[in-house]
Protein chains: 2
Amino acid sequence: MNRQILVVEDEAPIREMITFVLEQNGFNTIEAEDFDQAKAKVVEPYPDLILLDWMLPGGSGVKLAKSLKQNEYTRSIPIIMLTARADEDDKVKGFDVGVDDYVTKPFSPKELIARIKAVIRRVSPTALEEAIEFHGMKLDPVAHRVSINDRNVDLGPTEFRLLHFFMTHTERVYSREQLLDNVWGTNVYVEDRTVDVHIRRLRKAIAGEGHEDFIQTVRGSGYRFSGKVKAGV
Amino acid sequence: MNRQILVVEDEAPIREMITFVLEQNGFNTIEAEDFDQAKAKVVEPYPDLILLDWMLPGGSGVKLAKSLKQNEYTRSIPIIMLTARADEDDKVKGFDVGVDDYVTKPFSPKELIARIKAVIRRVSPTALEEAIEFHGMKLDPVAHRVSINDRNVDLGPTEFRLLHFFMTHTERVYSREQLLDNVWGTNVYVEDRTVDVHIRRLRKAIAGEGHEDFIQTVRGSGYRFSGKVKAGV
DNA sequence: TAGACATGTCATAAAATTGTCACAAAAATT
DNA sequence: AATTTTTGTGACAATTTTATGACATGTCTA
């Protein structure tokens with residue numbers, strides 16, 4: 001599930017530091033040091049995310065962002081702006097062109113990674129083609145197959161999609177409506193409570209494997225998928 | 001989560017109209033009618049946004065804005081200017097001191113709310129999503145989860161909201177009525193003493209972790225959430 | 001076309017949450 | 001010390017929210 005990240009930054013030391021950190025964290029990187037190089041690298045296969053320096057020689061980062069966001073094919077690529085100063089104006093302008101987030105230099109590697117993951121999670125929740133693994137639970141979107149501790153689990157189509165969604169969106173509460181939107185699809189007219197029933201079916205299916213309570217009910221809010229279960233005393 | 005908005009406006013009727021509209025829309029309000037009052041109210045917990053009248057007795061709104069924007073601690077608070085005339089110069093001057101937006105009087109409630117939301121969205125796009133931490137106590141609004149020293153704590157919906165409010169409004173006494181307004185919602189008919197019961201439940205839930213007395217009773221006034229334990233009187 | 005699955009919706013059971021009380025405890029006043 | 005005011009607590013019944021089993025309908029396959 002390696003994501004490819006395009007790093008657009010003119011100062012070599014910073015760029016290298018960033019790519020180092022990214023690769024340490026399991027991302028693939030492509031580098032570009034100015035507007036033109038960047039433009040040239042935003043081609044198929046499109047990067048999964050772009051880290052874009054605010055100030056670039058030969059055309060500002062904002063200009064590039066704007067251009068990418070106006071193109072039909074590239075506009076869905078998430079962009080994170082790197083800005084040297086916490087200048088409010090910069091932020092505003094960045095957001096105006098549809099940038100997804102920004103990180104102010106200097107930033108910690110931890111923060112950078114966290115932001116990137118957050119954006120990816122937010123932007124391309126289901127795009128993964130590769131198998132997902134979570135606490136001994138494996139889901140292969142391509143083979144359309146689920147196993148827990150190497151034991152096969154049979155799921156109906158809806159339960160499969162539901163589990164898929166959950167496995168790509170852990171540690172977060174989703175309301176029944178959100179689940180309907182994400183798993184059933186928007187503009188589908190189905191009762192909220194139907195979610196309960198499918199949750200029940202999914203729970204039942206993965207029960208007996210000790211993974212039953214991975215799906216947690218958050219009263220008044222919805223459901224959450226998570227490995228952690230025990231509540232403190 | 002309820003945002004707190006400081007309304008700085010000298011004409012009482014207008015001010016009251018504004019606060020009414022804001023509260024109708026789920027915001028909490030603080031009022032100030034002149035420069036000094038406003039200054040005095042921009043203290044922790046800082047308001048999430050300031051609505052500032054252009055003309056103020058005893059020092060113009062611009063002066064206040066400038067002063068706030070030059071202070072390290074307050075400069076990140078977004079400010080929306082209320083101006084009586086659509087004077088381009090005013091706007092420019094306002095923006096020069098870093099004001100985030102302006103609304104020209106007379107304005108419709110709808111417009112006001114829209115502007116406020118836009119500014120909040122622009123300035124802190126992820127603020128609602130970020131986990132809050134306070135003395136080893138963590139509250140994650142997204143996962144809908146609370147932990148103390150990495151140990152999970154189970155809370156009912158109301159207790160969760162109550163704790164959330166407290167963690168975003170520490171070091172300050174809130175009356176039972178204010179808590180009802182903020183946590184239960186305005187125009188909800190519930191006994192004052194109900195707050196006591198929920199305080200009790202929350203205390204119980206976070207007890208045993210040494211965080212029990214983070215919620216302090218201020219006799220005759222209400223409750224306060226604070227890390228500091230009272231020493232003298 | 002029969003049979004095996006899947007799905008959405010109900011009705012009902014089961015749980016958890018909530019607001020109030022009544023009384024105890026603590027603090028402030030007389 | 002007695003009284004009054006304010007807050008802490010445990011219990012409880014009503015209400016709200018979830019869990020669950022059953023079922024009718026629709027789909028697909030053999």
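Side chains are part of it too, since the values below use all heavy atoms of this structure and drop only hydrogens, waters and symmetry mates. Each chain gets a letter, A, B and so on, in the order the sequences are listed, and its residues count up from 1.
Taking the centre of each ring, A/F166 and A/Y174 stay at or above the 6.0 Å mark. B/F134 has its ring centre less than 6.0 Å from the ring centre of B/F225.
In this structure, B/R219 places its CZ atom 8 Å from P of D/dG8, rounding to the nearest Å. If you take CZ of B/R201 and C1' of D/dG8, they are 13 Å apart, rounded to a whole angstrom. The interatomic distance linking A/K204 (NZ) with D/dT18 (C1') rounds to 16 Å, in whole Å. Rounded to an integer number of Å, the gap from CD1 of A/I215 to C1' of D/dA19 is 13 Å. Rounded to a whole Å, the CG atom of A/D196 is 10 Å from the P atom of D/dT20. Protein atom CG of B/D213 is 13 Å distant from nucleotide atom P of D/dG8, rounded to whole Å.
Within the 4.0 Å cut-off from OP1 or OP2 of D/dT17, not a single side-chain nitrogen or oxygen of A/Y223 is found. Phosphate contact (OP1/OP2 of D/dT18, side-chain N/O of A/R193, threshold under 4.0 Å): present. Put simply, B/T217 has no side-chain N or O that comes within less than 4.0 Å of OP1 or OP2 on D/dT6. Phosphate contact (OP1/OP2 of D/dG8, side-chain N/O of B/R203, threshold under 4.0 Å): present.
With B/E159 contributing its side chain and B/L155 its backbone, the two residues share no donor-acceptor pair below 3.5 Å. Distance alone, capped at 3.5 Å, is enough to place a donor-acceptor pair between the B/R15 side chain and the B/E9 backbone.
At a threshold of 4.0 Å, the pair B/D36-B/K39 does not count as salt-bridged, since none of the basic side-chain nitrogens sits closer than that to a carboxylate oxygen.
Residues passing the salt bridge (charged side-chain N to carboxylate O under 4.0 Å, His left out) test with A/D150, sequence neighbours excluded: A/K138.
Taking the 5' to 3' direction, DNA chain C first and last meets chain B under 4.0 angstrom from a heavy atom at C/dT17 to C/dA28.
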